[in-house]
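So you know, we letter chains A, B, ... as the sequences are listed, proteins then strands, and number each from 1. Values below: every heavy atom of this structure, side chains too, minus hydrogens, waters and symmetry copies.
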Amino acid sequence: MADKPDFKQTMNLPQTDFPMRAGLSEREPHMLRLWDEMDIYKRSLDVNAGGPTFILHDGPPYANGHIHMGTAFNKVFKDLVVKYKTMRGYQAPYVPGWDCHGQPIEHQVERNLGPERMKTISRTELRALCREYALEFVDVQRAEFQRLGVRGDFGDPYLTLNHEYEAGNVRIFKTMYDRGMIHKGAKPIHWCVRCKTALAEAEIEYSDELSDSIYVKFEFTSRPEAFAQVSEPVSVVIWTTTPWTLPANVAVTLAEKADYVGVRVGGDVLVMAEALVTSVAAAAGWVGYEVLPQRVKGSELAGLKYRQPVHDGVEGVIITGEHVELTTGSGAVHTAPGHGEEDYLVGRRFGLPMPMPVDDEGRFDAGGGPFAGMQVWEANPTIIEWLRERGTLVAAGTISHSYPHCWRCKRPVIFRATEQWFVSMDEAAQGVRPLREGAMDAIGKVEWIPGWSVNRMSAMVGDRPDWCISRQRAWGVPIPVFTCRTCGETVANDSTFDAVIALWEVEGADSWFIREPSEYLPAGTACPRCGGTDLKAEQDILDVWWESGVSHTSVLEARPELRRPADMYLEGSDQHRGWFQSGLLTSVGAYDEPPFRSVLTHGFIVDGEGRKMSKSLGNVVSPIDVVAKSGADIIRLWACSADYSQDVSVSGEILDRTSEAYRRIRNTFRFLLSNLYDYDPADAVPFDEMYELDRYAMVSLADLVDRVTAAYDEWRFHMVYRHLYDYCVVDLSSFYLDVLKDRLYADEAAGHGRRSAQTVLAAMLGAMVRLVAPVLTFTSEEIWLSMPEALREGAASVQLSGWPTVDVPAADAARLRAAYATVLAAREEVTKALELARSAGVVGKSQEARVVLVAPQDTITVLRERGGRELADMFIVSEVVLVVGEAPASAPAAVTVEPAAGSKCPRCWNHRTDIGADAACPDLCGRCARVVSAL
RNA sequence: GGGCCCGUAGCUCAGCUGGUUAGAGCGCACGGCUGAUAACCGUGAGGUCGAUGGUUCGAAUCCAUCCGGGCCCA
C-alpha cells in the first residue's frame, strides 16, 4: 500500500504538559511549598495595599484532637471567602485562632497523669501540662488546616493562652464590672463530696443507682378554699428520691393546668394530682381511701402556704411550673432551689430563697436542723425515720434510676448551690442599658446569613438566664478580682483591674497563681468595707465561652491588620449558643455594639442518610483520609457544591460524584490549555472581528462571570459551583469546544479563524481559572502555572491576579443570545435525528451526515443568517439544507438525515464535495489543500 | 418537652410572591467516536415533590397534624 501522507503532522493538534490525571494527593504538597516560598499570605495583603479591608474573624476551634469533617468544612469556607475577597481587591487578612483553655484539656491531662500523680501535682504544674497539651494540638491542627489549602497567618495565629489575649479578658471584665453587669450569686452545680470539687457536665457519668423513693405530706397552713369544709387536716403530698434535700425545701411546684384532688385516708386529706392518685395509693398501700369530689387546678392552689417539713415554724409556698410531670410522683414537686437546676430556675422566677445547708464535704451545717453535722448520704435513712415518727411520711420504698456519678471516684454526686459569678442580662448600673436590651438591639443591626439565623439568635438572647461565667477549675483565665481576707468583701476597681492587665500582659495568667496580690497591686489597695489590705486572688476561672467571646478585643482590637467590628463571623449553627453569643454579649456589654457586621452560619456535616456522624454508627468520614486518597481540592469542591444553609451530607458516593465533577472541570481546563500552546495575546482578535460563534461564546462567558460573581456576593457558593460546572459541561464541552475542534485543528495555525477561536479560549481560561480559584485552590494554581506566561499578566499566583471582567457590547449580546437560542434549539432536534439515523445504520459519526431541516419561516431566517457553512459546523455535520415548512407541534423543527454528499477528506475527516479541487493536493478538501499548500 | 431548621429523581441542586404534562447536570442503560483518549459526543429510562388532612377553581409551593433527620436547650 502506498504511503499515505501523514496529515496529522500538518494539523494543530492539542499540546500540553498539564496532566489529565490530577494526582492531587501528591501534587498538592508541592504547591504548598511553592506558596510558602513566595510568602503567599503576605503577598495577598500587599497586592491590595491601600484598598478596602474585609475582616473575616476566625472562630477558634478547640485545641484538642485532630480536625474532623466539620472543622475542615468550616475552614475551607472561610478560606473561600477570604480568597474571593482578596481577588475582588480587598485586603483580607486571615488570622487563625485556637481555643486553648478549658475543661476538656484539663480533663484529658488529668486522665493521662492518673490519680496518683494527680494528687502530687500543683496547680501551676497542672497548668503547664495543659499548656503543653494544647500547643501540641495547635500544631497538629495547624498542619491539617494548611494541608487543606487554607491561607492565613499560620506563623502567628492567636491563641487564647497568649499573654495579650489573657489580658484582653480583663479589659472586658473591667468595663462590664464598672457598668454593673457582673455580680456574684449562687447557683447549683454538680458537686462531688468525696473529691470536694465542682464537676462539669462532661465529667459526669450516668449509671443506675438504687435510691430511696418517699412520699411526704406537707400540711397546709392556709387551707385551700375547695377543702374548707373538710374536718381533717389537709396536706399536699410530694415525692422525692433525695430525702436529704428536704431541709432545703422552700416550695412545692404544681402543674398549672392539671387537676388536683383531695384523698381522704387515715384521718387526713391529702392533695395530689388526680392522674396520680392510683399510683400513690399503690405505693402507700392504701386499702381504703376516698377521693373527694372537689377538683382544683394547680394554678388555684398557687400562693398557699404549708409547714416546712423539717424546720418548725417555717412555711413554704405553693407555686406552679412547667417542668412538673404527671407520669411519676404525685404531681407536686418538692422544690429546693439550692439542689436542682429546675428548682433553681423556678426559684429565681418566683424570687424564692435558696437555702444551702450542705458544705463542701456534703455535711449539713446548722441549716440542716435536726440533721446538722450528718453527711447527706448517711442522713437519708435518719430523715426517713424521723419523718415516719412525725407522721408525715406517706410511703417509703426504693427506686432504681439513672443517677449522675463522679468520673474520678465513681461515687454519686450531689447538686449543690455554690457561689458563682454572673453576667446580668437585665440589670446594670444607673444609666447603663441592660445587656439583654442592648444585645437584642444589636442583633437587629447585623446581617444574618441565612435569614433564619436571626430568629435563632433572638430567641436565645431573649430567653436566656443570666450567664454564669465562673468555673471551679484550674485550666483557664482567673476571674480578675480579689477578696478581703478579713471580711470577705470583693475588692475590684479600675486600679486593680489595670494592675492585673499590666501583670498578665507580661507574665500571663499563670502569675495569678504564683504571685501574691500585694506584689502587683498598687500600694494601698484596700478593702472598701473594712479597710483590710490582706487580699486573696479569686480562685475561680472564667467560662471558656467568655474567653473566646472577647476575641473582638484580644484579637481584633489588638492586631494592627484587623479591626473591630469584623465584617464577618462564619461558623456552624451550634455557635448561636456559643461564640456568636459570647462575642455578642461581651461586645455589647463593653461597647454597646455587635462585634460583627455579618454572621454566616452553616449546617452540620451528616452522612448520606442525613444522620450525624458517629463512631458507633460507623459512618465517620475523615477529612484526613479524603485528603490522602483524593486530595484537598476534592474536599473543597464538595464543600462548595453543597447548600450550607442546611445540614451537609458526605459519603463515599457523594465524594465519588465530586471527584467525577472535578475531573470534568479539570479536563475542560486541560482542553483550553492544550489549544493555546502557540497563542500569544498579541494575536488576539478584536471582538468585532471575531467569528460570530466566537462572539456568542464571549457573551456566554460574560454571562457566566456575572452569574458566578453574583453567587459569590450572595454567599450562595453552591451556585458558584453549579454555574461553573454546567458551563463546562453544557456550554463548552458539548457545544462550543466540540464545534471548535475542526477550526482549531485543521485551519491554518495563524489564520484568522483559529486566532479568533484562541482569543476566546484565552479569555475563557483567564476568567474561569479566576472564578474557580477560591474553591479549587490547588488546581487553579496548577492551571495558572501551566498557562502561557503572557496570559498570566505578571501575577505570580492566580490568587494575586484579581477578578475577571468580560466586556461585550450590550446590544450585540442581546442579539446573539436570541439568535443562538434558536440555533441551539434546532441543534437539539438535529442531534436527536442523528441518533435515530445512527441506530438505523444510515450514518456513524455526525460528519457523515447531511441534514434537512424543516421549520417555520422565522426560524429558518434566523438559521440562514448564521451562514450555511457555519451552521453545518455548529451541528458538526457536512451539510445543512434549510426548508421553510410546518414543524411538528412538539418540536421547533423537523429534521431528516441522509448520508453526506462527496467523500471524506483524509485530513479533516469532513465529507466534502470539493476533494481534489486543488490539483496540488488531490486527496484533500479545498480548505485543507489551501492550508497544507501554505505550509 | 421547648427554640431554630431541613426532607423535590441513585447523587448534588433549580423550581420567585400558589397557575399549563416538576427542570438541570452527574450517575445509570444503550449507542457513537478513537486528533480532549483511564478522555470526548449523543439518545434514553428514572420523581405519587417525606405522609396525611385542610384552604383554594388550582399547591412541590399556604395552613395543621404526623413521620424522619440535624443543631441548641431541658
Pair [X] + [Y]: basic N to acidic O under 4.0 Å:
X: A/Asp633; Y: A/Arg27; answer: no
X: A/Arg664; Y: A/Glu660; answer: no
X: A/Arg666; Y: A/Glu782; answer: yes
X: A/Glu835; Y: A/Arg838; answer: yes

Write down the distance separating the [atom1] atoms in [N] and [M], rounded off to the nearest Å.
N: B/rG23; M: B/rU48; atom1: P; answer: 15 Å
N: B/rA39; M: B/rU21; atom1: C1'; answer: 37 Å
N: B/rA74; M: B/rG7; atom1: C1'; answer: 26 Å
N: B/rG15; M: B/rU61; atom1: C1'; answer: 9 Å
N: B/rC63; M: B/rC4; atom1: P; answer: 14 Å
N: B/rU52; M: B/rC5; atom1: P; answer: 25 Å
N: B/rU8; M: B/rA22; atom1: C1'; answer: 8 Å
N: B/rG54; M: B/rC28; atom1: C1'; answer: 40 Å

Report the distance from atom [atom1] of [X] to atom [atom2] of [N], rounded to the nearest whole Å.
X: A/Asp463; N: B/rG1; atom1: CG; atom2: P; answer: 19 Å
X: A/Lys257; N: B/rG1; atom1: NZ; atom2: P; answer: 16 Å
X: A/Tyr725; N: B/rC11; atom1: OH; atom2: P; answer: 16 Å
X: A/His576; N: B/rC4; atom1: NE2; atom2: P; answer: 12 Å
X: A/Lys8; N: B/rU34; atom1: NZ; atom2: P; answer: 11 Å
X: A/Met11; N: B/rA36; atom1: CE; atom2: P; answer: 10 Å
X: A/Met719; N: B/rA14; atom1: CE; atom2: P; answer: 6 Å
X: A/Met457; N: B/rG3; atom1: CE; atom2: C1'; answer: 13 Å

Which heavy atom in A/Asp607 sits nearest to a heavy atom in A/Glu609, and how many Å separate them? OD1-N, 2.8 Å
Listed partners of [X] passing ring-ring contact (aromatic ring centres under 6.0 Å, His included), at least two apart:
X: A/Trp909; value: none
X: A/Tyr745; value: none
X: A/Phe671; value: none
X: A/Tyr662; value: none

Please compare A/Leu737 and A/Arg716 by the position of their nearest nucleotide in RNA chain B and report the one closer to 5'. A/Arg716
RNA chain B: A/Glu653 or A/Trp452, which has the more 5' nearest nucleotide?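 It is A/Trp452 whose nearest nucleotide is closer to the 5' end.
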Do any side-chain nitrogens or oxygens of A/Tyr727 fall under 4.0 Å of OP1 or OP2 in B/rG25?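 So the side-chain polar atoms of A/Tyr727 never come under 4.0 Å of the phosphate oxygens OP1 or OP2 of B/rG25.
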Looking at B/rC5, I'd like to know if its phosphate oxygens (OP1 or OP2) sit under 4.0 Å from a side-chain N or O belonging to A/Asn455.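 Answer is yes, contact under 4.0 Å.
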Identify whether the glycosidic angle of B/rG53 places it syn (within 90° of 0) or anti.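 It is anti.
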Validation row, ring centre A/Phe669 to ring centre A/Phe18 under 6.0 Å: no
Sugar-phosphate or base contact per nucleotide [nucleotides 37-44 of chain B; S, B, -; heavy atom under 4.0 Å]: SSSSSBSS
With sugar-phosphate taken as primed atoms, P, OP1 and OP2 and all else as base, the protein-contact string of nucleotides 64-74 of chain B at under 4.0 Å (heavy atoms; B, S, -) is -----SSBSSS
Exceeds 12 heavy-atom contacts within 6.0 angstrom, atom CG of A/Asp17: no
For [N], the Watson-Crick or wobble partner whose two distances fall under 3.5 Å:
N: B/rG1; answer: B/rC73
N: B/rA24; answer: B/rU12
N: B/rG31; answer: B/rC41
N: B/rU65; answer: B/rA51
N: B/rU56; answer: none

Identify whether any heavy atom of [X] sits under 4.0 Å from a base atom; if not, whether one sits that close to sugar-phosphate; answer base, sugar-phosphate or nothing.
X: A/Ala642; answer: sugar-phosphate
X: A/Ala459; answer: sugar-phosphate
X: A/Ser641; answer: sugar-phosphate
X: A/His718; answer: sugar-phosphate

Any stacking of A/Trp909 on B/rG35, going by centres under 5.5 angstrom and planes within less than 30 degrees?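 Stacked: ring centres under 5.5 Å, planes under 30°.
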Indicate whether the side chain of A/Asp543 and that of A/Trp467 have a donor and an acceptor atom separated by less than 3.5 Å. yes
